[in-house]
2 protein chains.
Amino acid sequence: MSGIRAKQKQKTRRLLIEAAMNQLSAEHGYASLSLREVAREAGIAPTSFYRHFQNMEELGLSLVDEGGLALRQLLRQSRLQIARGGSIIRSSVTTFMSFVANQTPIFRLLLQEKSGNSRAFRLAVQREVDHFTAELVDYLVAEQHYSHELAELQANAIVRIVFGAGADAIDAAEDERQRLTEHTIAQVRMVARGADATRQLGKTTK
Amino acid sequence: MSGIRAKQKQKTRRLLIEAAMNQLSAEHGYASLSLREVAREAGIAPTSFYRHFQNMEELGLSLVDEGGLALRQLLRQSRLQIARGGSIIRSSVTTFMSFVANQTPIFRLLLQEKSGNSRAFRLAVQREVDHFTAELVDYLVAEQHYSHELAELQANAIVRIVFGAGADAIDAAEDERQRLTEHTIAQVRMVARGADATRQLGKTTK
DNA sequence: TATTTTAGCGAACACGTGTACGCTCAATAT
DNA sequence: ATATTGAGCGTACACGTGTTCGCTAAAATA
């Protein structure tokens, strides 16, 4: 039970996943991904694909999982910067935009499959976005003492704005992306002020 | 020059467009749209397709245009309700959500091709979204007297929130969609309050 | 050492795809 | 009345697709 065989299997599984990622580009999305081409790039015969995944869909879902994992790593990194002091909003938005810039194919996949044609994919992506939102809600409740309801409203709005900006950033050039980032930071701050105003409104009305 | 021939041509052109729309569903998106199937549903031979469109892409761009037109009609309808009194935010969000519910395949198309794999499509959709945003900016500047800069920030944020909500509404059941609508209205109001607070902030700082 | 398991391969199948070509025949133009 | 145009059709082609089946050879197990 040395596992030399199992190691090799996971290795070519990785090759398949990376080959699939390579083939995801601006012009060539998951929908038009071909088992044969993926296998070719991974250096195995088309039929051998089935030793690792039952479907192309199963491969795709693995890609989504990888993307979600990368996204959560991004969140942790962002929180580290916060602990060291500095604006939580700026550091979060900035690292998010870096993610979009550096992991473009994965972000594009998440974005496309969020409203894609496979229910399984939509659910998988939504799950990742919900993680994102939930952690933001936790922060708003714990650190900023918002009510749960108001925190949810605010977090959801922020996630929508940031993801929308990410979508626009995909095609943008470096300087344009910079502009977009500042724009987004200002918008998130605007939402925060609005949530604060809403909170005060509730207090005085009561 | 009675035009009986030209009429017939536009008629089957419509048939093609409608056939394509019919084939757009939750499971079957534009990417996996087949010339042959579209032609079959329209009741013409596959080869006759080329009498009307050079490409499938040309057909698709026509679909986007149709979607954009429907969206602008929605905006006009929304503005009518405002003129008759009532909250501009509520009526706008409500009619938008109705659009999502009633014209689901078209909205899905817009949503998917916004981050889709054809540059031409992305640009076409972005053009429609920009229309949407620009009209909102005009309103904010003219009726609410925001500065152009602040109005743009605010309008962009609102569009992102509303489109994001629309995306989530696609899969939602009727009651869930109701909840989403109220949620969204509250979020847009929150942004409005935030923009207002930002404006006051600018005034006192100066 | 003998046996079983299994990652990977090659051949083959059935199918759907986009599209080029040349034809028909009714609507238009002359 | 005659000539031209053009929407629509049928045939045919070359190609890429997902997937099945039986095989090999190396690793794991007994």
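All chains are named by letter (A, B, ...) in the order of the sequence lines, taking the proteins before the strands, and each is independently numbered beginning at 1. Computed from a prediction, not measured in an experiment: that's the story for all the values here. Worth knowing before you read on, the calculation uses all heavy atoms, side chains too, and leaves out hydrogens, waters and symmetry mates.
At a cut-off of 3.5 angstrom, counting only N and O atoms as typed in the model, there is a donor on one side and an acceptor on the other between the side-chain of B:R51 and the base of D:dG8. Remark: the A:S34 side chain and the D:dG16 base include no donor-acceptor N/O pair separated by less than 3.5 Å.
When the nucleotides C:dC9, D:dT19, D:dA26 are ranked by their closest atom to the side chain of A:I44, C:dC9 comes out on top. Which of C:dG10, D:dC9, D:dA27 sits closest to the side chain of B:T47 comes down to D:dC9. In the set D:dG18, D:dG8, C:dA26, the nucleotide with an atom closest to the side chain of B:R5 is C:dA26.
Whole-Å rounding puts the A:R40 CZ to C:dG10 P distance at 13 Å. With rounding to whole Å, A:K11 atom NZ is found 15 Å from C:dG8 atom C1'. Per the geometry, CZ belonging to B:R13 stands 12 Å off P belonging to D:dG8, to the nearest Å. If you measure from atom CG of A:L35 to atom P of C:dC9, you get 13 Å, rounded to the nearest angstrom. Atom CD1 of B:I4 and atom C1' of D:dT5 are 15 Å apart (whole Å). Straight-line distance from the CZ atom of B:F49 to the C1' atom of C:dT17: 14 Å, rounded to whole Å. For the pair A:E37 CD and D:dT17 C1', the interatomic distance rounds to 10 Å; values are reported in whole Å. At whole-Å resolution of the value, CZ in B:F53 and C1' in C:dG18 are 17 Å apart.
Taking 4.0 Å as the cut-off between side-chain N and carboxylate O, B:R14 and B:E66 count as a salt-bridged pair.
Nearest-nucleotide assignment on DNA chain C puts the 5′-proximal partner with B:Q54, out of B:Q54 and B:A6. If you find the closest nucleotide of DNA chain D to B:Q8 and to A:M56, the one lying nearer the 5' end belongs to B:Q8.
Of the side-chain N and O atoms in A:S48, one or more sit less than 4.0 angstrom from OP1 or OP2 of C:dC9. The shortest distance between the side-chain N/O atoms of A:T12 and the OP1/OP2 oxygens of C:dA7 is not below 4.0 Å.
More than 12 non-hydrogen atoms from other residues, nucleotides or ligands lie less than 6.0 angstrom from CD of B:E18.
Between B:F121 and B:Y30, the two ring planes are tilted [angle within 30° to 60°]. Using the six-membered ring where Trp is involved, A:F96 and A:F132 have ring planes that are perpendicular, over 60° apart on the 30 and 60° scheme.
Between the CD1 atom in A:I89 and the CZ atom in A:R189 there is a gap of 5.5 Å [rounded to 0.5 Å].
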